[in-house]
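All remarks here apply to the structure that follows.
Whatever order the structure lists them in is the order used to number ligands and atoms, beginning at 1.
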Amino acid sequence: MAMKITTGTSELRDITKMERIGVHSHIRGLGLDERLEPRETSQGLVGQAKARKAAGMILKMVQEGRIAGRAMLFAGPPSTGKTAIAMGMAQSLGPDVPFTIITASEVFSLSMSKTEALTQAFRRSIGVRIKEESEIIEGEVVEIQIDRSLTGVRTLSHRGTIGLECVIP
Ligand SMILES: Nc1ncnc2c1ncn2[C@@H]1O[C@H](COP(=O)(O)OP(=O)(O)OP(=O)(O)O)[C@@H](O)[C@H]1O
């Protein structure tokens, strides 16, 4: 796929997000058995047995509703699987649990305030589904009446009425 790289901030941000999704797209869970023991290779993860088991124990407490609103800190050298295990936890919690990545450089960006960056990340994380319902009235327009002021003075806003001939089932 061709990608255009310009100095525009939004385009650069999109590419970063796509790359991050790509490098972890093989992860579908923590790869644990029913006793929370890590399978050697499972759900896209391999090795890191102790870390996966520890993450699985926390995950079980979350699933059972025993902990909520807490944070986990993953520490370790670069590229050792911290993000991968966090992604595995989110995947195990199901499709309704969004995985949101936010980098320090986004929070300290010059183009956006810290509050705005954090607000956007929270909005992505809470995964609110907005359902909008609207009533549609179908019919044939039989009359259009625009109300004009009696003095003849033009105003910016006009009120009017549209008459519809409808068939009500
Ligand atoms: N145990 C694992 N099994 C399979 N793939 C893994 C495992 N650990 C890491 N990876 C993959 O290796 C790459 C680097 O891992 P990841 O980005 O999770 O490391 P990190 O510790 O979060 O790095 P950084 O500190 O630089 O952010 C990613 O593509 C990730 O999916």
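- Within 6.0 Å of CD1 in Ile162 there are 12 or fewer heavy atoms belonging to other residues, nucleotides or ligands.
- The ligand atoms of ligand 1 that sit less than 4.0 angstrom from a heavy atom of Leu45 are 1 (N), 2 (C), 3 (N), 4 (C).
- Of the listed options Arg52, His24, Met87, His24 places a heavy atom closest to atom 30 (C) of ligand 1.
- Leu93 and Leu45 fall within a single hydrophobic cluster, where Ile, Leu, Val, Met, Phe, Trp and Tyr are joined by side-chain heavy atoms under 4.5 Å apart, directly or via other members.
- When the heavy atoms of Val46, Thr80, Thr83, Ile27 are ranked by distance to atom 1 (N) of ligand 1, first place goes to Val46.
- Between Gly47 and ligand 1, no N or O atom pair is found at a separation short of 3.5 Å.
- Checking only distances, Gly81 does come within under 3.5 Å of ligand 1, N or O to N or O.
- Side chain of Lys82 to main chain of Pro77: a donor-acceptor pair is present (N/O by atom type, distance under 3.5 Å, no hydrogens or angles).
- By the 4.0 Å heavy-atom criterion, Ser79 is counted among the residues contacting ligand 1.
- Using a distance-only test at 3.5 Å, with no hydrogens or angles considered, no donor-acceptor pair links the side chain of Arg35 to the main chain of Asp33.
- Sequence neighbours left out, the pairs with a member in residues 65-77 that pass salt bridge (charged side-chain N to carboxylate O under 4.0 Å, His left out) are Glu64-Arg66.
- For atom 20 (P) of ligand 1, the nearest non-hydrogen atom from the set Gln43, His26, Lys82 comes from Lys82.
- A side-chain donor from one of Glu106 and Thr103 sits under 3.5 Å from a side-chain acceptor of the other.
- With atom 4 (C) of ligand 1 as the reference point, the heavy atom nearest to it among Gly44, Ser25, Ala84 is part of Gly44.
- Under the side-chain contact (heavy atoms from CB on, under 4.5 Å) criterion, Glu165 pairs with Val142, not counting sequence neighbours.
- Ligand-side atoms of ligand 1 in range of Gln48: 1 (N), range being under 4.0 angstrom from any heavy atom.
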